[in-house]
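Data block below; observations after.
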Amino acid sequence: MSFKHEKPRVAVFKFASCDGCQLSLLDAEDELLAVAGAVEIAYFPEASRRMQKGPYDIALVEGSITTPHDAELIHQVRRQSKTLITIGACATAGGIQALRNWRDVSEFVRVVYAKPDFISTLKMSTPVAEHVPVDLELRGCPIQKEHLIEVIAATLAGRRPNLPTYSVCLECKRRSNVCLMVAAGTPCLGPATQAGCGALCPSMGRGGYGCFGPMENANAPSLAERFYTLGATQPEVDRAFRSFNAWAWQFRKVSEEVHQQ
Amino acid sequence: MRKKQYRLERTHLNSLLKLLREEGYQTYGPVRGELAMEWAPLTDVGELPRGWTSAHGPAHYRLENRGGESLFGYRNGPESLKKFLHPPRARIMKAERNGGAFRILEDRPAAAKRAFLGVKPCDVAAVAALDRVLLNDRYSDDIYQANRAGLFLIAVHCTECAETCFCASSKAGPQAKTGFDIALHERLDGAMPEYFAECGTAAGAALLEKTGAPPAPPEWARELADACALAAGAQQRKVDFSSAAAVVERNYDSPRWDDIARRCMACGNCTQACPTCFCVNFEEHSSLDLQTAERHRVWDSCFTQNFTYIHGGSVRLSTKSRYRHWLGHKLARWQQQFGSPGCVGCGRCITWCPAGIDITAEFEWLKAGAPAAI
Ligand code: SF4
Ligand code: SF4
Ligand code: SF4
Ligand code: SF4
C-alpha cells in the first residue's frame, strides 16, 4: 500500500460506545510510541487536542449508530476515509445498547429523561456496516490492542493482518485448557464465538461470553441445544446470546427462536 | 531369544524414573488436574492418580474417585503426547532488515529429552502415526524430529476401557504391541499392585535390567493377553476400517451429512484433541518499524474456513463439507495416503466434541443407512 503522505494519517471516531476500545489503543503504552512514530494521528479527540481535517488513510470507528446525527456523520467519515475499520462490538454489531432494538425506545426516553423532548434518538442501535461499507472489522468487547497494532503493522507492510475468524475453542485447546462444557457442564459460548481473546474466560474457569461475536459458520442453534442439555433454562439461554453482540444476526436469530418457544 | 520380562513393584517404578532423570530425561506422568487428567512433570509414583478414573461419553467427561491402589486406572484426558512432539505454536523463522537487504536469524529447534510413564496403547500408536506423516514421508519436520529423538515411552496396557474407546477396531490396543521402550501391565490381584514389564527397545531393556527387578513368572504374559482380550471384547464402539473407503465414497451425497451439519459447530475441538491430527497454518508477523518479521506455525483445523483458502476463496465453505472431509480422512483416505488408519480409536473426538457428535455412530449410520445400536 502506498500513502500520499509519508506516514499514513489515522483518525479515530466515536459513536455510541463506552470508549473502552479507544482506551485499548491508549493502553498500548509501549507500542503507542511506535504507533505514533509509524503513523500520523490526525484526529483522535480522546488523546489529543490536535484535530486535523481529512481525508484520512485509516479511520478507526468505535460505537454504534443510535441518533439521526450519527447516521449522517458516519457518511461523512466514510467519504473522508480511504480505509474504514470498525472497532469493537458496538461498531461491528450494535453493542449492548442494541438490546433496545427489541423494546420501545420512546418509553425508555420518557422514563429516563426529565425533558424527553430534547432527546433525539433512533429506534434501533445498529452496526456501522448497516450504514456504510466497512473495509475491516475488529471484533471484541473491548477489542484486543494487539489486533489494532497488528492491523497497523500489516497495513504498513502491505500484508494481510492475522485476524482469526474461527472459534474460541481452537485458542482454548492451544492453551491446554480443559473444556469446561465437557468436563464441568458449564455453558460456554466458545464454539460459536470468533477467536481473538485467547480464550480468556475459559482460562479463568468461566464459560465464554461471546465478546468477539459470531465466528465464521457459527452454529448458534446447536450450541443453544447443548445449553438446554446441560440444564440451562430458556431465560438463561436467551441471556447468553443477548449480550454485547446480541444484534449480530446469528445470535439475534437464535435468541428470537428461543423467545418464540 | 525370548524377551526378558520383569516383575516390578512400586519402588522399581520410582527407580525407573530416577534412572531416566540421571540420563537427562524430564519425566512426565498422568497427573490429576482440577477437571481432568493431564501430562505433568512427575518425579515420584506417589504423584500418580491412585484410585482415580473418569467417566466418558459424547460431550461428557467427569473425574471419578473409585478408591483402591491402582496407579494406572486412569483414562485418557483431553491431551495426548501431540503437544510435546508437535507444539501448538512455534516460531520457525525470524528475519531482520539489514540496510537494503535482510538477514535470516536461524531458529534451530531445541532438542528435548522427555520420558512419559503410563502412556496408553492408543497414544503409543498415535506417535507411530505422527512418525509416518512428520518423519517418514517425503520430508521430515525438524521440530517434530528434535522432540521425537528424545522421546522415551513407558506404556501401560489397558485392561479396562473408557466408554468411548474403540482401539480394538484400529488394532492400536488395548494391548500395546509395538512402539514403546517399556510396557507395563498393572496387576491388581494382590494387596498392592505389581507390574509385569516387557521391553520394546534396547534402551528399555537396559533400563529394566538396572532396576534390579526379578524376572516375571512365565504365565504373566498369557494373563496379560487374556485380560486385554477381555477388555477388547467389552468395547461398545466399533469401526470396520477395512470397509471405510467404500462407505465414505458411496455416501458422498448422503443426507446424513446435512444432519451432522445441523449439530456440528465447526469448532474444531475434535481435531485439536485428536492425537494424530497434525495440520498447521503459518502466520507472518512484522514489527511496526518494519525492521523485523517472524513466521509462526500454529495448529490449524480442517474445520476452519481458512484451511482450504486458495486464490479467490475457500474450497469447503459449508460445515457439511468439512465434517465429510474430516471423517473421510481419518477413517478412510489416511489409509490410502499413509498405509494405516489416521484414527487410533482413542475416542477423544467423541468425548471432547461439545456437540456430542460420535464419529463411530456416524460411520455406522453411513454404513448401514440407519442409526447404530448405541
Ligand atoms: S471451554 Fe469453551 S472455548 Fe474452551 S473448548 Fe470448551 S467450549 Fe470451547
Ligand atoms: S479420530 Fe477421534 S478416536 Fe480417532 S484418533 Fe482421532 S480423536 Fe481418537
Ligand atoms: S482406546 Fe484402547 S488403548 Fe486407548 S485408552 Fe482406550 S482401551 Fe486404552
Ligand atoms: S464434530 Fe464436534 S468437535 Fe468437531 S467441529 Fe463439529 S462440533 Fe466441533
Side-chain angles (χ1 to χ4, degrees), chain A residues 28 31-39 146 149-150 152-188 190-193 195 205 215-223 225-227 229-230, chain B residues 33-39 54 56-63 77-79 83 87-89 261-273 281-290 293 296 298-301 303-307 314 316-319 322 351-357:
Chain A
E31 299 93 336
L32 195 63
L33 286 173
V35 171
V39 302
E146 291 79 9
I149 289 160
E150 166 65 10
I152 294 172
T155 307
L156 292 169
R159 62 172 173 83
R160 268 178 62 166
N162 294 297
L163 295 170
T165 51
Y166 46 69
S167 73
V168 176
C169 300
L170 293 191
E171 294 185 317
C172 206
K173 283 277 183 292
R174 280 180 212 148
R175 285 185 71 158
S176 286
N177 290 341
V178 176
C179 176
L180 297 167
M181 282 229 281
V182 171
T186 308
C188 174
T193 303
M215 63 185 267
E216 59 183 31
N217 292 56
N219 187 347
S222 174
L223 187 57
E225 269 314 306
R226 178 53 40 182
F227 288 176
T229 310
L230 293 175
Chain B
E34 200 187 327
L35 290 173
M37 296 305 309
E38 48 197 50
W39 289 107
S54 46
H56 295 237
H60 181 81
Y61 174 99
R62 287 294 182 282
L63 283 172
E79 293 191 317
K83 75 164 182 186
R89 184 177 275 279
R262 271 192 285 282
R263 289 170 281 141
C264 177
M265 302 188 269
C267 64
N269 272 303
C270 46
T271 55
Q272 310 299 284
N281 189 21
F282 295 91
E283 290 178 356
E284 310 281 339
H285 297 268
S286 54
S287 62
L288 281 165
D289 62 7
L290 299 177
H296 291 241
V298 191
W299 277 1
D300 201 1
S301 167
F303 281 91
T304 71
Q305 193 162 307
N306 190 51
F307 187 82
S314 291
R316 292 186 208 110
L317 279 174
S318 67
T319 298
R322 294 182 205 164
T351 306
W352 299 98
C353 167
I357 296 171

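The chains referred to below are lettered A, B, ... by the order of the sequence lines, with proteins before strands, and numbering in each begins at 1.
- Both the backbone and the side chain of Leu35(B) have a heavy atom closer than 4.5 Å to some heavy atom of chain A.
- Side-chain contact check for Ser286(B) versus Arg159(A): some heavy-atom pair is nearer than 4.5 Å.
- Residues Leu288(B) and Ile149(A) form a side-chain contact, since some pair of their non-hydrogen atoms from C-beta on lies under 4.5 Å apart.
- For Leu317(B), the part lying near chain A is the backbone, with the side chain staying farther off; criterion is any non-hydrogen pair under 4.5 Å.
- Interface remark: Arg89(B) contributes side-chain atoms only to the contact with chain A (heavy atom separation under 4.5 Å).
- Closest approach of Arg226(A) to Ala59(B), counting heavy atoms only: NH1-CB, 3.5 Å.
- Options Ala184(A), Pro161(A), Gly190(A) differ in how many heavy-atom pairs under 4.5 Å they form with chain B, and the most are formed by Ala184(A).
- Taking CH2 of Trp352(B) as the start and NZ of Lys173(A) as the end, the distance is 6.5 Å to the nearest 0.5 Å.
- For the set Glu216(A), Arg160(A), Met181(A), the count of heavy-atom pairs under 4.5 angstrom toward chain B peaks at Glu216(A).
- Without hydrogens or angle criteria, Asn162(A) side chain to Glu284(B) main chain gives a donor-acceptor distance under 3.5 Å.
- When Glu38(B), His285(B), His60(B) are compared by the number of non-hydrogen pairs under 4.5 Å with chain A, His285(B) comes out ahead.
- The candidate from Arg62(B), Arg263(B), Gln272(B) with the greatest count of non-hydrogen atom pairs under 4.5 Å with chain A is Arg62(B).
- At a 4.5 Å heavy-atom cutoff, Asp289(B) makes no contact with chain A through either its backbone or its side chain.
- Here Met215(A) contributes atom CE and Gln305(B) contributes atom CD; the two are 9.5 Å apart, rounded to the nearest 0.5 Å.
- Both the backbone and the side chain of Glu283(B) come within contact range of chain A, with heavy atoms under 4.5 Å apart.
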**Item:** Check against side-chain contact (heavy atoms from CB on, under 4.5 Å), Thr165(A) and Asn306(B)
**Value:** CA-CA 8 Å; Thr165(A) 51; Asn306(B) 190 51; 5.8 Å; no
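- The candidate with the highest count of non-hydrogen atom pairs below 4.5 Å against chain B, out of Ser167(A), Ala153(A), Ala183(A), Cys169(A), is Ala183(A).
- Between chain B and the residues Gly185(A), Pro191(A), Gly37(A), the largest count of heavy-atom pairs under 4.5 Å involves Pro191(A).
- In this structure, no portion of Ala293(B) lies under 4.5 Å from any heavy atom of chain A.
- Closest approach of Lys83(B) to Ser176(A), counting heavy atoms only: NZ-OG, 3.0 Å.
- With a 4.5 Å cut-off on side-chain heavy atoms, Asn219(A) and Thr319(B) do not count as touching.
- With chain B as partner, the option from Ala38(A), Cys179(A), Ala192(A) having the largest number of non-hydrogen pairs under 4.5 angstrom is Cys179(A).
- Taking CD of Glu225(A) as the reference point, atom CE of Met265(B) lies at 11.0 Å (rounded to 0.5 Å).
- With a 4.5 angstrom heavy-atom cutoff, Thr351(B) touches chain A via backbone and side-chain atoms both.
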